[in-house]
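I have placed the structure first, in the form of structure tokens, so that the comments after it can refer back to it.
Quick caveat: nothing in here was measured; it's all calculated off a predicted structure. Scope of the values below: all heavy atoms of this structure, side chains included, with no hydrogens, waters or symmetry mates.
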Amino acid sequence: MTDFNRSILPDAVRSNGATPNPWWANAVVYQIYPRSFQDTNGDGIGDLKGITSRLDYLADLGVDVLWLSPVYRSPQDDNGYDISDYQDIDPLFGTLDDMDELLAEAHRRGLKIVMDLVVNHTSDEHAWFQASRDKDDPHADWYWWRPARPGREPGTPGAEPNRWGSYFGGSAWQYDPKRGEYYLHQFSRKQPDLNWENPEVRKAVYRMMNWWMDRGIDGFRMDVITLISKHLDGHGRLPGEVGSELSEGEIGEEGYTDAGPFCSDGPRLDEFLAEMRREVFEGREGYMNVGEAPGITPERNEFITDPAHKELDMLFLFDHVGVDQEGSKWNTVPFEVRNLRARLADQQEAVRNAGWASLFFCNHDQPRVVSRWGDDSDRESRELSAKAFGMLLHMHRGTPYIYEGEELGMTNAHFTKLDQYRDLEAINAYRQRVEEARCQSPESMMAALALIGRDNSRTPMQWDASRYAGFTAADAATEPWIGVNPNHVEINAAEEFDDPDSVYGFYKKLIAMRHGNATVATGEWNLVAADSEQVYSFTRTGGDDTILVMVNLTGRTARVPAEVARLLGNGVSESQVLLSTYDAVHGVKSIARGELARWEGVVIQL
């Protein structure tokens, strides 16, 4: 099911508060990591032609929107999230003609294309940055340049403008000998932050965005967009700079202060997003814009996504994917159902009256949920837990996002050696925490990488059981850019495509429910049994229609919570079971016994 036969939500149904309802209110988005999706030229890296060749698979799955991670020209320091030319395609992925062909073929199948956009920062090889290295150039103030601290030798430790640390390890400041100053980079040193305080920067960004929209794309997913407004004192100084009125906070275990509170959700964020809406999107139809939102609370999500404020359609919040981390990302703690439920409930409640939620567990920055919180130790456990988390996510109110391979139950990479990783964040974090700061043991760090490292989601898409999983030709001269998961022999699209009981078959049912059932798409969400240690349950209500969702998110039998039992009254019939991670008969018998089997989830028509 695609754009051609997805039902239109009537005005009597309320979604995000807009009238008429936006087309994406009952749509499903599929994220593609182009580098790992399909290689057609044998160089070991996925490409645009590869995506085009798999459009029929995506149309069969039933998704509506394809979100592409960056394919712009880039030195690939951070796998394309360091852009050197926004208006060209990197030769690794193809050409602008290949992009135009992908757009045409996707649109012919009723699929929309949303491009990843990175405008908090560029590559240090971008022409804007190279020009800004000259203090007399018109681009001189397009980035965050600052002199060394007074009395310190520029380029030496301690001479940085403040003590902020980078998300990718080390200082957030890099000295440039040509300019004789430091530039800010919240991520890699090759990803300098743009200075959005400069109106010329914003104008250039909007021109580029309009160029892509005019070319036919259907919107943007905006990387770390909530970092574009920095907190400054009354004289334009950053926290911690000499003379600044703002403190930069305490030094952490890695030897730096946290830039996050001062760069997230800054004082001009709403102004910038509203300006972007006016300059790029107003007057256009059929588009979607979603922002990645580090540092944003559910309450702020409601404001930014409220259509009355004319900013963004959706945001990706991160509080729910941090429930197994404490302090540092790399200090992991056991997963508890109650913690996930609390975070998701906060997100749902915040957009009860206006705004909209993005629903995701997996993406290119997150590990595979079936390995992270589920159980991938054997086939049955993997399939059941993959279905359980899929059901839980897709039955919430909002727009669901599927990350490539999630619909197959793909697992973490289970790498055991540091040299198997390709991710800059992982490699830098190991060096910073284990070798330099010595705040984490090698064994603990490797365990954390194996559980939540970003490369877990970046191994090649598993199309079939052949040597390279069908990602590239089995006899290709060049191996894939990152190792193929050995379990592709058992877990692959060819194995699951025609099996209605497979994880793939289950995801097709979830997507069909989103398209065809207005209560699933937009109905009111209400939590049930908030204290259960194993079962996550809630209702969805639209008018006189009520659906109960109940999922056991553990690998052991769970009692049906008393609050749920009262809703079920004298039990349920098979006809009331709309979906089950087992089957309708199993669900009816489980409810009659007052228990749910391991990883059992049921959607019940009340």
Is the gap between the ring centers of His394 and Tyr507 under 6.0 Å? yes
Please report the shortest heavy-atom distance between Gly409 and Val503, naming the atom on each side. N-CG1, 3.7 Å
Between Asp324 and Trp373, a side-chain donor and acceptor under 3.5 Å: yes
CD (Glu490) with more than 12 external heavy atoms under 6.0 Å: yes
Consider only side-chain N and O atoms of Ser328 and Asn331, and report whether a donor and an acceptor are under 3.5 Å apart. no
Decide whether Thr257 and Asn162 meet the rule of one side-chain donor and one side-chain acceptor closer than 3.5 Å. no
Heavy-atom pair of closest approach, residues Ala159 and Pro154: CB-CA, 4.3 Å
Do Tyr175 and Thr156 get their side chains close enough for a donor-acceptor pair, meaning under 3.5 Å? no
What do the steps show when you test Gln325 against Thr332 for side-chain hydrogen bond (donor to acceptor under 3.5 Å, both in side chains), and what is the final call? CA-CA 4 Å; Gln325 299 159 3; Thr332 60; over 6 Å; no
Distance-only donor-acceptor check, side chains Asp82 and Ser74, under 3.5 Å: yes
Between Arg146 and Glu241, does any NZ, NE, NH1 or NH2 come within less than 4.0 Å of an OD or OE carboxylate oxygen? yes
Any side-chain donor near an acceptor of the partner, Gln87 and Arg73, under 3.5 Å: no
Criterion ring pair (Phe, Tyr, Trp, His ring centres under 6.0 Å) on Phe187 and Tyr167, from CA distance to verdict: CA-CA 5 Å; Phe187 298 91; Tyr167 288 113; 5.1 Å; yes
How close do Gly398 and Pro400 get, heavy atom to heavy atom, and via which atoms? O-CD, 3.6 Å
Classify the side-chain pair Ser132/Trp145 by whether it contains a donor and acceptor separated by less than 3.5 Å. yes
Tyr86 and Trp128: ring pair (Phe, Tyr, Trp, His ring centres under 6.0 Å), yes or no, with the steps? CA-CA 11 Å; Tyr86 287 105; Trp128 296 345; 5.8 Å; yes
Using only heavy-atom distances, determine whether the side chains of Arg433 and Gln440 contain a donor-acceptor pair under 3.5 Å. yes
Taking only Lys NZ, Arg NE, NH1 and NH2, and the carboxylate oxygens of Asp or Glu, determine whether Arg431 and Glu436 approach each other closer than 4.0 Å. yes
Quick one: do Glu248 and Arg163 make a salt bridge, cutoff under 4.0 Å? yes
Distance col, row Thr297:OG1 vs Asp319:CG, nearest 0.5 angstrom, shows 8.5 Å
Report yes if the distance between the aromatic ring centroids of Tyr403 and Phe360 is under 6.0 Å, otherwise no. no
Residue pair Arg382 / Ser371, side-chain donor-acceptor N/O under 3.5 Å: no
List for me each residue that meets salt bridge (charged side-chain N to carboxylate O under 4.0 Å, His left out) alongside Asp376, sequence neighbours excluded, and say none if there are none. none
Hey, is NZ on Lys417 packed in by over 12 heavy atoms from elsewhere, all under 6.0 Å? no
Considering all heavy atoms, the nearest Ser247-Pro239 contact: O-CB, 3.6 Å
For Tyr536 and Asn552, does a side-chain donor sit closer than 3.5 Å to a side-chain acceptor? no
ring-ring contact (aromatic ring centres under 6.0 Å, His included) partner of His364, chosen from Tyr401, Tyr81, Phe316: Tyr81
Going by atom types alone, do Ser188 and Asp78 pair a side-chain donor with an acceptor below 3.5 Å? no
Would the number of heavy atoms belonging to other residues, nucleotides or ligands and lying under 6.0 Å from CD of Glu326 be above 12? no
Under-4.0 Å salt bridge between Arg343 and Asp346: yes
Looking at Arg438 and Glu254, is any side-chain nitrogen of the basic one under 4.0 Å from a carboxylate oxygen of the acidic one? no
Quick one: does any side-chain atom of His488 pair with a main-chain N or O of Ser466 as donor and acceptor, under 3.5 Å? yes
No-hydrogen, no-angle side-chain donor-acceptor test under 3.5 Å, Arg221 and Gln31: no
From the list Thr459, Asn492, Thr411, side chain to side chain donor-acceptor pair (under 3.5 Å) partner of Asn485 resolves to Thr411
Does any pair with a residue in residues 437-470 pass ring pair (Phe, Tyr, Trp, His ring centres under 6.0 Å), and if so which ones, sequence neighbours excluded? Phe37-Trp463, Tyr57-Trp463
Within the distance-only criterion (no hydrogens, no angle test), does the side chain of Ser502 pair as donor or acceptor with the backbone N or O of Asp499 below 3.5 angstrom? yes
Pair Arg379 + Glu383: basic N to acidic O under 4.0 Å: yes
Using a distance-only test with no angle check, is there a side-chain donor-acceptor pair under 3.5 angstrom linking Gln347 and His320? yes
For the CZ atom on Arg189, are there more than 12 heavy atoms of other groups (residues, nucleotides or ligands in this structure) within a distance under 6.0 Å? no
When rounded to the nearest 0.5 angstrom, what distance separates CH2 in Trp599 from CZ in Arg556? 9.5 Å
Closer than 4.0 angstrom, basic N to acidic O: yes or no for Asp124 and Arg133? no
Check whether NZ of the Lys or CZ of the Arg Arg422 lies under 6.0 Å from the centre of the six-membered ring of Trp481 and within 45 degrees of that ring's axis. no
Could you report the tightest heavy-atom contact between Cys362 and Pro367, atom names first, then the distance? SG-O, 3.8 Å
Taking NZ, NE, NH1 and NH2 as the nitrogens, is one of them in Arg467 or Asp475 under 4.0 Å from a carboxylate oxygen of the other? no
Scan side-chain atoms only and decide if Thr226 and Asp265 contain a donor-acceptor pair under the 3.5 Å cut-off. no
Specify the closest pair of heavy atoms between Leu238 and Ser244, including all atoms of both residues, with the distance to one decimal. O-OG, 3.0 Å
Could you walk me through whether Trp212 and Phe220 pass ring pair (Phe, Tyr, Trp, His ring centres under 6.0 Å), step by step? CA-CA 10 Å; Trp212 275 111; Phe220 295 99; 8.0 Å; no
